Chemist: 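Please see the structure below; I have some questions.
Within every chain, numbering begins at 1; the chains are lettered A, B, ... in the order of the sequence lines, protein sequences first and strands thereafter. Values in this document were obtained by computation on a predicted structure and should not be read as measured data.
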Amino acid sequence: MTQREFMLDLPLSPVPKHEVLDTGAAVLRGHAAMQATDMLAGIKQIARLSPFRRMTTAGGGMMSVAMTCCGAAGWCSDARGHRYETHDPMTGQSWPALPTAWRAWATDAARLAGYDGFAPDTCLINGYRPGARMGLHQDDDERTDAPVVSVSFGLPAMFQWGGLQRTDPVRRIPLLHGDVVVWGGLSRLVFHGIAALRAGQHPVTGPCRYNLTFRRVW
DNA sequence: TAGTTACA
DNA sequence: GAGC
């Protein structure tokens with residue numbers, strides 16, 4: 001049972017570096033619940049090849065979220081900044097393949113949210129433990145003509161959805177196991193993040209939250 | 001600035 | 001929350 005629960009509209013003001021038309025993010029409550037078992041098993045497989053690791057940011061800080069990737073491109077950050085890499089710097093190998101079934105599923109989820117023809121070439125996998133957080137940022141490293149499809153599993157998290165300026169007011173949206181958020185166009189440049197994860201126990205993931213984001217990089 | 005810390 |  002899928003539904004677009006709500007649309008978040010943005011102010012039409014400053015238009016940064018990209019030409020854009022649409023302005024919202026859609027939340028599909030529980031849309032990935034049926035995929036949980038399969039996707040979590042897939043994550044385990046992927047992590048055997050490219051383990052979860054905590055990356056460093058340009059400022060020298062260490063991220064609290066543990067990450068890995070699959071697909072043609074992997075998001076990497078170190079003291080020099082962040083970019084996409086074709087190979088996992090930790091192993092020297094290509095990133096694990098993006099499972100075919102995941103790709104098809106993400107295409108469908110994007111379509112439900114109003115984005116036809118989404119063909120992701122990567123999936124970033126984030127692992128959250130209690131206290132882990134994702135600071136406010138924009139998704140401006142990928143192709144701007146494709147949406148981002150974000151899937152949540154495990155412990156609840158508080159999604160922060162701000163505006164085009166870092167200092168814009170932030171809306172807080174709880175994301176639960178199986179929830180999917182889709183955004184594209186102008187909303188790629190909306191500052192967003194995840195508040196520090198509250199400790200807890202989830203029947204499927206235990207003390208963790210996992211987030212998958214499907215993207216088109218190349 | 002996908003970061004942490006200091007201070008009002 | 002603002003500033004770096």
Chemist: Nearest-Å distance, CZ (A:Arg133) to P (B:dT5)?
Modeler: 11 Å
Chemist: Base, sugar-phosphate, or nothing for A:Met62, non-hydrogen atoms under 4.0 angstrom?
Modeler: sugar-phosphate
Chemist: Between A:Asn211 and A:Ser150, does any side-chain donor sit less than 3.5 Å from a side-chain acceptor?
Modeler: yes
Chemist: What is the distance, rounded to the nearest whole Å, between atom CE of A:Met67 and atom P of B:dG3?
Modeler: 10 Å
Chemist: Does A:Arg54 CZ have over 12 foreign heavy atoms under 6.0 Å away?
Modeler: yes
Chemist: Aromatic contact between A:Trp95 and A:His87, with the criterion being ring centroids under 6.0 Å apart: yes or no?
Modeler: no
Chemist: Grab the NE2-C1' distance between A:His137 and B:dA2 for me, whole Å please.
Modeler: 5 Å
Chemist: In whole angstrom, what separates A:Phe159's CZ from B:dA2's P?
Modeler: 15 Å
Chemist: Can you check the A:Asp78 CG to B:dA2 C1' distance for me, whole Å?
Modeler: 13 Å
Chemist: How is A:Asn211 classified with respect to the nucleic acid when contacts are heavy atoms under 4.0 Å: base, sugar-phosphate, or nothing?
Modeler: nothing
Chemist: Using whole Å, report how far CG of A:Leu136 lies from P of B:dG3.
Modeler: 9 Å
Chemist: Taking all non-hydrogen atoms of both residues, which atom of A:Leu155 and which atom of A:Gln201 are closest, and how far apart?
Modeler: CD2-N, 3.6 Å
Chemist: Rounded to whole Å, please give me the gap between CZ in A:Arg53 and C1' in B:dA2.
Modeler: 15 Å
Chemist: Fit a plane to each ring of A:Trp102 and A:Phe214, take the angle between them on a 0 to 90° scale, and name the class: parallel (under 30°), tilted (30 to 60°) or perpendicular (over 60°).
Modeler: perpendicular
Chemist: How is the base pairing of DNA chain B summarised as a dot-bracket string, given the Watson-Crick and G-U wobble criteria with both distances under 3.5 Å, [ ] for crossing and | for another strand?
Modeler: ..|...|.
Chemist: Among A:Arg83, A:His82, A:Arg215, which residue satisfies the side-chain hydrogen bond (donor to acceptor under 3.5 Å, both in side chains) criterion with A:Asp141?
Modeler: A:His82
Chemist: Quick check: does any side chain N or O of A:Arg171 sit under 3.5 Å from a backbone N or O of A:Trp161, one acting as donor and the other as acceptor?
Modeler: no
Chemist: Describe the nucleic acid contact of A:Met63 in one word from base, sugar-phosphate, nothing, applying a heavy-atom distance below 4.0 Å.
Modeler: sugar-phosphate
Chemist: In whole angstrom, what separates A:Asp168's CG from C:dG1's C1'?
Modeler: 13 Å
